[in-house]
Structures are given as structure tokens and as C-alpha cells.
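This report refers to the structure that appears directly beneath it.
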Amino acid sequence: MTESIHAPDAGVLHSADVRGVHVLTLNQPKAFNVLSEAVLGALQGRIDAIAADDKARVLVIAAEGKAFCAGHDLKQMKANPRLDYYQQLFAQCSKMMVSLIKLPIPVIARVQGVAAAAGCQLVAQCDLAVAAEGVRFGVNGIDVGLFCGTPSVPLVRNMQPKQAMEMLLTGGFITAAEAHARGLVNRVVVPEQLDAALDDMVQAILAKPREAIAIGKELFYRQRELGIEAAYQLANQSMACNMMADVAQEGVQAFIDKREPAWRKATR
């Protein structure tokens, strides 16, 4: 498998292989991979580039070192005590998070070590997440007097409100097993099996048509914010358009003919 490696950009490594699997790796382990302004800008630039690549199939968010991500750079924040600066910083972070939703491909978090505050937010914002045993998750801004408001947005969309609120109010951390039970991550494995579990998930996605996944992901996030009737109306239109796509026509015909669809053979 050929892999292309892009030059590091402000603590973010970017690699992509011939399958269309992109990996963005937070690469400032000594700083616990904090989301500084520069790192947020680098992530945004890479995500925008991936969004424009019609051959991209999956994005993995990973990290080097003992922490997945410790959240915002508190030293940088303390050095700029201005309301307009904080507004700009949190807007920049929120834009990057929303960009992950808007990507037409699945985004998977590969989590090790610790995911705290905006780092936990990043895990929650990804479509899927695989974590190693021993990972600790927390939204602990309250420990320094700062309620994790932006992390609360995806957190409460992943787990039950009282579970999310307990984490937000107490700053307490939960284990990987608890994160799995609460819906924050999809799978928890021993560290040695983290890459294998990730690849299993990636392979399952690659076996499906990109067009149908893009349609489905857009619908998933739009309908969850609507009332039930509006959600069904949106889903009706989405499925009708999906059914008109060549991949669906071929897939249904293959089912009728009791054979594999042509697009499934093409992914092997």
C-alpha cells in the first residue's frame, strides 16, 4: 500500500494512502497536543483540502504521545485576556469542529492516553471513535473556573444529558469502558489492538459506496436537529435522491440478481 506523507504543518501531520484514507495526527506530544491557534488553523486547512478531494474516503484523527489532546492552550489563552480574542478563538475552534460534520466522508477518532476539555470535544465531534483501554475522558474546564461550554455541544449529542452534565459540572474523568457505555466511543480495545480495530472499521466503510455514505452522513446530522415530521420529510427526500443514484440502482439490481454489486468488487 503506497502512502503519501505531507509536510508537517504547525504540529499536525497529514498522511493519505491509495485507498483514500487520510490521517491527521496531532504531533506535539510534549505539549499534550493542545489545540493552540496554530494547530486549529492547521487542522482547518487540512480538513478543507480533504473536503475538496473527491477521492477521499475516510479521515482519521490521531495523536502522538501520552495524550490524545488536552484541550485548548491555556497559557496562550491567559496571555491574551481580551473578550474579542476569546470570542475569535472559540469561534475558530467551533468552525473546525463543524467542518468535521460537513465533510462528506466519515471521521474516526483514534484515541489513546487522555482526551480532556476540547480534546474530549474533538472525540465527541468525530462520527466514530475507537479508544485504547486506559484512556481517560473529561471536560474539566470547571476545575479552573471555566465551564466547558463548547465541548458540551457535541457531548450532550453523544450521551444522556445527566451523564454529560455530571462530567461538565464536576470535571470528573471517566474511563474508556464508561465512555463506551455512555456512547462516546464505539469500541474499546487493548492498546496493541488499536490500529487493527481502527482498520476493521475503515475497511467496512471502504466496502460501501462513497456517494451513499455522503448522502447518509449529511442527512444524519441535519435530521437530528429537526422535529419528527420535518425529519421524516427530509429523510424521504434524501432516500429518494439516494435511490436515483447509480450505486443504489446497481446495488438493488445486484440483490435481485443474487450477485455482488459492481462497486463492491471495485473496492477490493
Side-chain angles (χ1 to χ4, degrees), residues 6-14 24-52 59 61-103 107 109 111 113-126 129 136-159 161 163-174 184 221 225:
H6 302 270
D9 186 0
V12 178
L13 300 178
H14 181 193
L24 294 180
T25 303
L26 301 175
N27 191 38
Q28 292 183 315
K30 292 182 178 179
F32 302 105
N33 297 312
V34 291
L35 297 177
S36 64
E37 288 181 82
V39 169
L40 288 170
L43 285 170
Q44 187 69 62
R46 296 301 186 182
I47 293 167
D48 291 345
I50 294 167
L59 170 60
I61 306 289
E64 291 288 343
K66 296 181 179 179
F68 174 76
C69 177
H72 285 290
D73 187 339
L74 295 181
K75 291 182 180 178
Q76 189 177 67
M77 291 171 63
K78 186 65 174 65
N80 295 276
R82 306 189 318 273
L83 178 60
D84 64 333
Y85 173 79
Y86 296 141
Q87 289 173 330
Q88 180 276 328
L89 176 66
F90 295 131
Q92 180 186 22
C93 184
S94 295
K95 178 183 177 181
M96 186 274 291
M97 297 289 178
V98 172
S99 295
L100 297 177
I101 295 175
K102 292 182 177 179
L103 270 181
V107 182
V111 193
V114 175
C120 187
Q121 176 185 0
L122 182 56
V123 175
Q125 196 61 78
C126 290
R136 296 168 64 241
F137 297 87
V139 277
N140 57 324
I142 199 68
D143 289 344
V144 297
L146 179 65
F147 185 85
C148 282
T150 48
S152 77
V153 175
L155 193 68
V156 78
R157 286 164 168 76
N158 279 248
M159 59 177 62
Q163 294 174 333
M165 188 61 91
E166 180 181 358
M167 292 178 67
L168 291 159
L169 292 177
T170 67
F173 281 75
I174 61 174
L184 183 59
Y221 287 108
E225 306 301 332

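All residue numbers refer to positions in the sequence shown, counting from 1.
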Any chance you could measure [X], atom [atom1], to [Y], atom [atom2], to the nearest 0.5 Å?
| X | Y | atom1 | atom2 | answer |
| --- | --- | --- | --- | --- |
| Met97 | Phe90 | CE | CZ | 11.5 Å |
| Cys148 | Gln121 | SG | CD | 8.5 Å |
| Met77 | Leu146 | CE | CG | 5.5 Å |
| Lys95 | Leu100 | NZ | CG | 12.5 Å |
| Met165 | Leu155 | CE | CG | 10.5 Å |
| Phe137 | Leu184 | CZ | CG | 5.5 Å |

Give a yes or no answer on whether the side chain of Thr170 reaches the backbone of Gly172 with a donor-acceptor pair at less than 3.5 Å. yes

Can a donor-acceptor pair be found, under 3.5 Å and without considering hydrogens, that links the side chain of Ser94 to the backbone of Ala91? no

Show the numbers, then the answer: is there a side chain to side chain contact (heavy atoms under 4.5 Å, CB included) between Leu103 and Ile47? CA-CA 8 Å; Leu103 270 181; Ile47 293 167; 4.0 Å; yes

Checking Met167 against Met159 for the side chain to side chain contact (heavy atoms under 4.5 Å, CB included) test, could you report, in this order, the C-alpha distance in whole Å, the side-chain angles of both residues, the deciding distance, and whether it holds? CA-CA 11 Å; Met167 292 178 67; Met159 59 177 62; 3.9 Å; yes

Test log, rule side chain to side chain contact (heavy atoms under 4.5 Å, CB included), inputs Leu24 and Leu13: CA-CA 6 Å; Leu24 294 180; Leu13 300 178; over 6 Å; no

Please determine whether a side-chain nitrogen of the Lys or Arg among Lys75 and Asp73 lies less than 4.0 Å from a carboxylate oxygen of the Asp or Glu.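 Answer for the salt bridge query: no.
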
Can you give me every donor-acceptor pair (side chain of residues 29-44, partner residue at least two apart or in another chain, under 3.5 Å) with its distance?
residue, atom, partner, partner atom, Å
Asn33, OD1, Gln28, N, 2.7
Asn33, ND2, Glu64, O, 2.8
Asn33, ND2, Ala67, O, 2.8
Ser36, OG, Val39, N, 3.2
Glu37, OE2, Tyr85, OH, 3.0
Gln44, OE1, Met96, N, 3.2
Gln44, NE2, Asp48, OD1, 3.0
Gln44, NE2, Ser99, OG, 2.9

